[in-house]
Amino acid sequence: MIVIREPGLAEAGSAVTAARGTRIRLADGREWVDGTGCGAAACHGYDHPHLRGAVARQLAATPHGLADRLVEEQATMLAQRLAGLAPDGLGGVRLHATARDAMDAALQRAQSFWRDAGQQRTKVATFGGGRGDSAPDRTHPDLPRDEAGEAALRDWLDRHAGAIAALVVEPLVQRDGLVFHDESCLKRLRHLATEHDVLLICDERFTGFGRTGPMFASLSIAPDILVLGEGLAGGIIPLAATLTSETIAGAADFAAWSGDASSVAANALACAAANASLDLFEREPRLLQSAEIAKKMGPALGACLGLPHVKDVRVRGAIGVIELDIVADAATLQRRFAEAGVWVRPEGSIIPLTPALTIGEDDLARLTAAVCDAVAAL
């Protein structure tokens, strides 16, 4: 049983007893439309029968076992499928127990690449406070959103590239603040990284698996390292991955990157769930559903423009954002959401919506109406 421990929602009956599709059922009989998609991870909604069946079959066979051929098959199959979906050249796949582990591995790989080349490059550049996580030394330049921004970043790299191991970008959408940029920005980054001999890491722990529209937000460029998380296993079991090229991995161990041998990272249940999730992307119209969500959510949330305290409204794929010019009282907002039958988690001045890609038209309308009504009542 999951107990929701959020401001203003600690009253009796707030225990979650079931989650199906895009609905959350509480112990007191209430049912909410989930606007979070389990932190954007549950791309197929909750309790999809294909995911549940795949995990059940793997559990019946063996839940785990480093030397077991079933485990190797799941991990190797997953690595091969991810390499086939990723931007060109990223054929080396390593699996990780958590998204944080995957980013740590990406940063370590970037630093090792330069160390092996005889250069002590340890700094990592993120953008707008991006999620470089445990990078030992981070800097925060601005994204090259236009020609002036490109010139400014070029000047910055002219001065600092010799100490920079990698640029880390969350393509199309930065998770912190849910700030958007476009493909031209990514192409400028790719060009500048190549020009200054700096690695480019695309952090798609949030943006991957149809969340922004395409399967991966970085498909228009070729990053040196790609980090996947959140939606990899459909939101039911933690799993993440790093993908890299032979040049970056190193020829000696590139073959080992076809599936991590770690007994935790290549967990059979997680790999089975991830393979089943990729099945659903092949069999069901997830990317079209993401585009349909954008078409409907854009006008629905756009009705909030002009309301007091609404600074901006933006939508990309299955991501909707209402940005306020104040930090609203989260407890009051969540109480209003709950009364309207929806589950949404405000983040400071941001009200984010990241529903499952499978959300139906009626549930999406109920979700956006509840959010707009709560904002109008501020």
(message) List the residues meeting side-chain contact (heavy atoms from CB on, under 4.5 Å) with D146, not counting sequence neighbours, and say none if there are none.
(response) A148

(request) Please name all residues satisfying salt bridge (charged side-chain N to carboxylate O under 4.0 Å, His left out) with R286, sequence neighbours left out, ordered by chain then number. (result) E284

(request) Check salt bridge (charged side-chain N to carboxylate O under 4.0 Å, His left out) between E361 and all other residues, then give those that pass, not counting sequence neighbours. (result) none

(message) Could you work out, with salt bridge (charged side-chain N to carboxylate O under 4.0 Å, His left out) as the rule, every residue matching R314, not counting sequence neighbours?
(response) D312, E323

(message) Restricting to non-hydrogen atoms, name the atom on L199 and the atom on D224 that form the minimum distance, rounded to 0.1 Å.
(response) CA-OD2, 3.3 Å

(request) Flag yes if L333 and I350 sit in one hydrophobic cluster, no otherwise; membership is Ile, Leu, Val, Met, Phe, Trp, Tyr, and two members link when side-chain heavy atoms are under 4.5 Å apart. (result) no

(request) Look at the side chain of R316 and the backbone N and O of H181, then say whether any donor-acceptor pair between them is shorter than 3.5 Å. (result) yes

(request) Check the side chains of R336 and T332 for a donor-acceptor pair under 3.5 angstrom, ignoring hydrogens and angles. (result) no

(message) With a 4.0 Å cut-off on N to O distance, would you call D362 and R366 a salt bridge?
(response) no

(message) Once salt bridge (charged side-chain N to carboxylate O under 4.0 Å, His left out) is applied, do any residues pair with D363, and if so which ones, sequence neighbours excluded?
(response) R23

(request) Please report the closest heavy-atom contact between L82 and A241, naming both atoms and the distance. (result) CD1-CB, 4.1 Å

(message) Over 60° means perpendicular and under 30° means parallel, so tell me whether W156 and H160 are parallel, tilted or perpendicular.
(response) tilted

(message) Filter on ring-ring contact (aromatic ring centres under 6.0 Å, His included), then keep only pairs touching residues 278-330, sequence neighbours left out; what's left?
(response) H44-F281

(message) If you compare all heavy atoms of A318 against all heavy atoms of S290, which two are closest, and at what distance to 0.1 Å?
(response) N-OG, 3.5 Å

(message) Check this for me, if you would: do E347 and R175 make a salt bridge, where the nitrogen-to-carboxylate-oxygen distance has to be below 4.0 angstrom?
(response) yes

(message) I'd like to know if D104 and R100 make a salt bridge, using a cut-off of under 4.0 Å between side-chain N and carboxylate O.
(response) yes

(request) Give a yes-or-no answer on whether the side chains of S112 and R115 include a donor-acceptor pair shorter than 3.5 Å. (result) yes

(message) Any side-chain to backbone donor/acceptor pair from R190 onto A222? Under 3.5 Å, distance only.
(response) yes

(request) Of all the heavy-atom pairs spanning F337 and P346, show the shortest one and how long it is. (result) CE1-CG, 4.0 Å

(request) Flag yes if more than 12 heavy atoms outside R145 fall under 6.0 Å of its CZ atom; otherwise flag no. (result) yes

(message) I'd like to know if E31 and R25 make a salt bridge, using a cut-off of under 4.0 Å between side-chain N and carboxylate O.
(response) yes

